[in-house]
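Residues: numbered from 1 along the sequence shown. Just the heavy atoms: all of them, side chains too, but no hydrogens, waters or symmetry mates, feed the values below.
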Amino acid sequence: QLQPVESGGGLVQPGGSLRLSCAATGTTLDYYTIGWFRQAPGKEREGVSCIRSRDGSTNFADSVKGRFTISRDNAKSTVYLQMNSLKPEDTAVYYCAARRGACTMVPIAYDYWGQGTQVTVSS
């Protein structure tokens, strides 16, 4: 049974950076598409980015393009979300999730979810 686990959240000033990590217990992430999602208070959960296992292709939400990058280190069975030039609007609980198949940013398509890590961007 795959259990994703997020880490790396915290408090950062606008313009700062954070790197989130997604690892797993139970089995390796290497064969799964990994998506990053976020949910702010009063808002629906939205897709941020995803990365495929098969070819490494990625997708990004328009709101984070040019600021966020996603990568994976198969040797560590870890997927990273590097967040730069952070804005207050990025404040949310961030989740990593896993699925087999395409790099979609539709939450319902993902089968395995982490517990979330809080990211707060504030001065």
Side-chain angles (χ1 to χ4, degrees):
Q1 181 67 45
L2 177 65
Q3 177 61 64
V5 180
E6 310 95 334
S7 62
L11 175 64
V12 65
Q13 292 185 329
S17 298
L18 284 174
R19 188 180 72 167
L20 305 184
S21 300
C22 180
T25 61
T27 190
T28 178
L29 294 176
D30 294 354
Y31 306 111
Y32 292 85
T33 292
I34 301 298
W36 285 97
F37 300 83
R38 65 187 183 186
Q39 188 164 22
K43 294 186 177 181
E44 295 292 321
R45 187 171 298 183
E46 65 173 341
V48 176
S49 184
C50 58
I51 184 167
R52 294 193 72 169
S53 174
R54 183 170 64 178
D55 59 8
S57 62
T58 60
N59 286 320
F60 294 91
D62 288 341
S63 59
V64 307
K65 285 180 179 177
R67 299 189 297 121
F68 291 12
T69 59
I70 189 169
S71 62
R72 64 195 313 159
D73 183 343
N74 287 338
K76 297 181 178 180
S77 296
T78 301
V79 173
Y80 302 100
L81 183 68
Q82 178 68 46
M83 305 185 295
N84 300 321
S85 301
L86 283 162
K87 305 175 180 179
E89 307 94 275
D90 297 316
T91 295
V93 176
Y94 283 71
Y95 300 87
C96 67
R99 72 185 302 267
R100 293 188 179 273
C103 189
T104 177
M105 293 197 291
V106 178
I108 198 173
Y110 287 77
D111 301 304
Y112 308 101
W113 289 82
Q115 296 298 306
T117 185
Q118 177 71 47
V119 172
T120 302
V121 184
S122 177
S123 60

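- Cation-pi geometry between R100 and Y32 is met: the NZ or CZ atom falls under 6.0 Å from the ring centre, inside 45° of the normal.
- Here ring pair (Phe, Tyr, Trp, His ring centres under 6.0 Å) pairs that include residues 53-101, with residues two or more places apart or in two chains, number zero.
- Scanning all heavy atoms of the two residues, the minimum distance from M105 to C50 falls at CG-SG, 3.9 Å.
- Rounded to the nearest 0.5 angstrom, Q118 CD and E6 CD are separated by 12.0 Å.
- Here the CZ atom belonging to F37 is positioned 10.0 Å from the CD atom belonging to E46, to the nearest 0.5 angstrom.
- For the atom pair L11 CG and L18 CG, the distance stands at 8.5 Å (nearest 0.5 Å).
- P14 and S123 make their closest contact through CD-N, 3.6 Å (heavy atoms, listed as atom of the first residue, atom of the second, distance).
- With rounding to the nearest 0.5 Å, the separation of CD1 in I70 from SG in C103 is 7.0 Å.
- Atom-to-atom distance recorded for L2:CG and T28:OG1 is 9.0 Å, nearest 0.5 angstrom.
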Inset, instruction - Dump the intermediate steps for side chain to side chain contact (heavy atoms under 4.5 Å, CB included) on M83 and R67, then the final yes or no. - result: CA-CA 6 Å; M83 305 185 295; R67 299 189 297 121; over 6 Å; no

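- Pairing each heavy atom of A40 with each of T91, the nearest pair is CB-O, 3.6 Å.
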Inset, instruction - Apply the test side chain to side chain contact (heavy atoms under 4.5 Å, CB included) to residues T104 and N59: give CA-CA distance (whole Å), side-chain angles for both, the deciding distance (0.1 Å), then the verdict. - result: CA-CA 8 Å; T104 177; N59 286 320; over 6 Å; no

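- Taking OG of S77 as the reference point, atom CG of D30 lies at 4.0 Å (rounded to 0.5 Å).
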Inset, instruction - For R72 and S53, run side chain to side chain contact (heavy atoms under 4.5 Å, CB included): C-alpha distance rounded to whole Å, both residues' side-chain angles, the deciding distance at 0.1 Å, then the answer. - result: CA-CA 9 Å; R72 64 195 313 159; S53 174; 4.0 Å; yes

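- A donor-acceptor pair under 3.5 Å is formed between the side chain of T33 and the backbone N or O of G101.
- Side-chain contact between R38 and V64 is present, with at least one heavy-atom pair separated by less than 4.5 Å.
- Other residues, nucleotides and ligands contribute only 12 or fewer heavy atoms inside 6.0 Å of the CD atom of Q115.
- Here the closest non-hydrogen pair linking G35 and Y110 is N-CE2, 3.5 Å.
- With respect to D90 and K87, no salt bridge is recorded, no charged nitrogen being found less than 4.0 Å from a carboxylate O.
- When hydrophobic clusters are built by joining Ile, Leu, Val, Met, Phe, Trp and Tyr residues whose side-chain heavy atoms come closer than 4.5 Å, directly or via intermediates, V93 is not grouped with L20.
- Scanning all heavy atoms of the two residues, the minimum distance from A98 to I34 falls at CB-CD1, 3.7 Å.
- In this structure, Q82 and N84 approach most closely via the heavy-atom pair NE2-OD1, 3.0 Å.
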Legend entry - Full working for side chain to side chain contact (heavy atoms under 4.5 Å, CB included) between C96 and V79: CA-CA 9 Å; C96 67; V79 173; over 6 Å; no

